[in-house]
Amino acid sequence: MPPDASTPLAARAAAAAREAPRTGTRSDSRLPLVLDAAARFFAEKGFGYTSMRDIAGAAGMLPGSLYYYFASKEELLVAVYAEGVRRIEHAVLPALRSADADPWTRLTNVCAAHLGALLEDSDYGQVVIRVRPDDAPAVAARLTALRDQYEAIFARAIDSLPLPPRTDRRALKLMLLGALNWSQTWYRPGKDAPQVLARRFVRLLRDPLGE
């Protein structure tokens, strides 16, 4: 049976599979395994040091079988990257859309949700954070578009802040995202929760401004 189309991962995988040339009529039930295996290898070894053979072996497939689903390693990267962005957005958008009237509290919640998504969904999150578009020139424009899509969430949160008129909000967004994204390197399980860390980060932005 094909994967349940109501699941986000299955829907994303099915969409990616439709774009790749098919060589037969096999079931798509292993697509989630392929994406999970690819995410793990891209996160741990990097895109350039991962082979289709690595991914196929982890998914319990022959290397040539991957090309039934994806035309190239680059196309597989796009599917994994898109799923990573989707997972981050799924965590962050409810915080952005909350009815909380205080923009600083809303930004704190957005940051906490972002941190939580990165730390709990480490493989997909690391692919989004660590794989640069120029690591895969053939699909660099598509990866950049996906990255910009998820960064726009923070732009919306920062745009609502009561900041001095000459504040460079884009630079502020990039600085905050850089601090949050680096958490996958320095975070240790059992230490401060994402909400606590988010409050500290946002306070460092707010207090010097006299808010």
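Residues take their numbers from the sequence shown, with the count starting at 1. Note that the structure is predicted; figures quoted are calculated from it, not measured.
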K.L.:
Looking at side-chain heavy atoms only, is the closest gap between Arg142 and Glu75 below 4.5 Å?
P.N.:
yes
K.L.:
If only atom types and distance count, is the side chain of Asn109 paired as donor or acceptor with the main-chain N or O of Arg106 below 3.5 Å?
P.N.:
no
K.L.:
Any chance you could measure Asp135, atom CG, to Arg130, atom CZ, to the nearest 0.5 Å?
P.N.:
12.5 Å
K.L.:
If I compare all heavy atoms of Val128 with all of Tyr81, which pair ends up nearest, and what's the gap?
P.N.:
O-OH, 3.4 Å
K.L.:
Quick one, Glu89 with Gln149, criterion side-chain contact (heavy atoms from CB on, under 4.5 Å). Give me CA distance, side-chain angles, the key distance, then yes/no.
P.N.:
CA-CA 9 Å; Glu89 289 180 338; Gln149 173 185 320; 2.8 Å; yes
K.L.:
Provide the closest heavy-atom pair for Ala113 versus Ala91 in the form atom of the first, atom of the second, distance.
P.N.:
CB-O, 3.3 Å
K.L.:
Could you state the interatomic distance from CG (Asp123) to CD (Glu44), rounded to the nearest 0.5 Å?
P.N.:
6.0 Å
K.L.:
With side chains defined as the heavy atoms from C-beta onward, is the minimum distance between Val80 and Val131 less than 4.5 Å?
P.N.:
no
K.L.:
Mind checking whether Leu161 and Leu205 have side chains closer than 4.5 Å, heavy atoms only?
P.N.:
no
K.L.:
Name the orientation class of the two ring planes belonging to Phe42 and Phe47 (parallel below 30°, tilted from 30 to 60°, perpendicular beyond 60°).
P.N.:
tilted
K.L.:
State, with a plain yes or no, whether a side-chain heavy atom of Tyr68 is found less than 4.5 Å away from one of Leu62.
P.N.:
no
K.L.:
Indicate the atoms forming the closest heavy-atom contact of Gly48 with Lys73, along with that distance.
P.N.:
O-NZ, 4.0 Å
K.L.:
Under the salt bridge (Lys or Arg N to Asp or Glu O under 4.0 Å) rule, what pairs show up with a residue in residues 54-64, not counting sequence neighbours?
P.N.:
Lys45-Asp54
K.L.:
Search all heavy atoms of Leu77 against all heavy atoms of Leu143 and return the closest pair with its distance.
P.N.:
CD2-CD1, 3.8 Å
K.L.:
Measure the shortest side-chain to side-chain distance between Pro63 and Arg53 over non-hydrogen atoms and say whether it is less than 4.5 angstrom.
P.N.:
yes
K.L.:
I need the Arg199 CZ to Leu197 CG distance, nearest 0.5 Å.
P.N.:
9.5 Å
K.L.:
Is the backbone N or O of Ala82 less than 3.5 Å from a side-chain atom of Tyr124, with the two atoms forming a donor-acceptor pair by type?
P.N.:
no
K.L.:
Looking at CG of Leu93 and CD1 of Ile153, how far apart are the two atoms once the value is rounded to the nearest 0.5 Å?
P.N.:
4.0 Å
K.L.:
CZ/Arg169 to CG/Leu174 distance, rounded to the nearest 0.5 angstrom?
P.N.:
14.0 Å
K.L.:
Any non-hydrogen side-chain atom of Tyr69 less than 4.5 Å from a side-chain atom of Met61?
P.N.:
yes
K.L.:
What I'd like to find out is whether the side chain of His114 reaches to under 4.5 Å of the side chain of Tyr150, using heavy atoms alone.
P.N.:
yes
K.L.:
Can you see which heavy atom on Cys111 is nearest to which on Phe154, and at what distance?
P.N.:
SG-CE2, 4.1 Å
K.L.:
Say you draw a straight line from CD1 of Ile55 to CG of Leu76; how long is it, rounded to the nearest 0.5 Å?
P.N.:
4.5 Å
K.L.:
Please report the shortest heavy-atom distance between Gln195 and Thr108, naming the atom on each side.
P.N.:
NE2-CG2, 3.6 Å
K.L.:
According to a 4.5 Å side-chain heavy-atom criterion applied to Ile, Leu, Val, Met, Phe, Trp and Tyr, with indirect links allowed, do Leu107 and Met175 form part of one hydrophobic cluster?
P.N.:
yes
K.L.:
Are any of the side-chain heavy atoms of Phe41 and Ser51 separated by less than 4.5 Å?
P.N.:
no
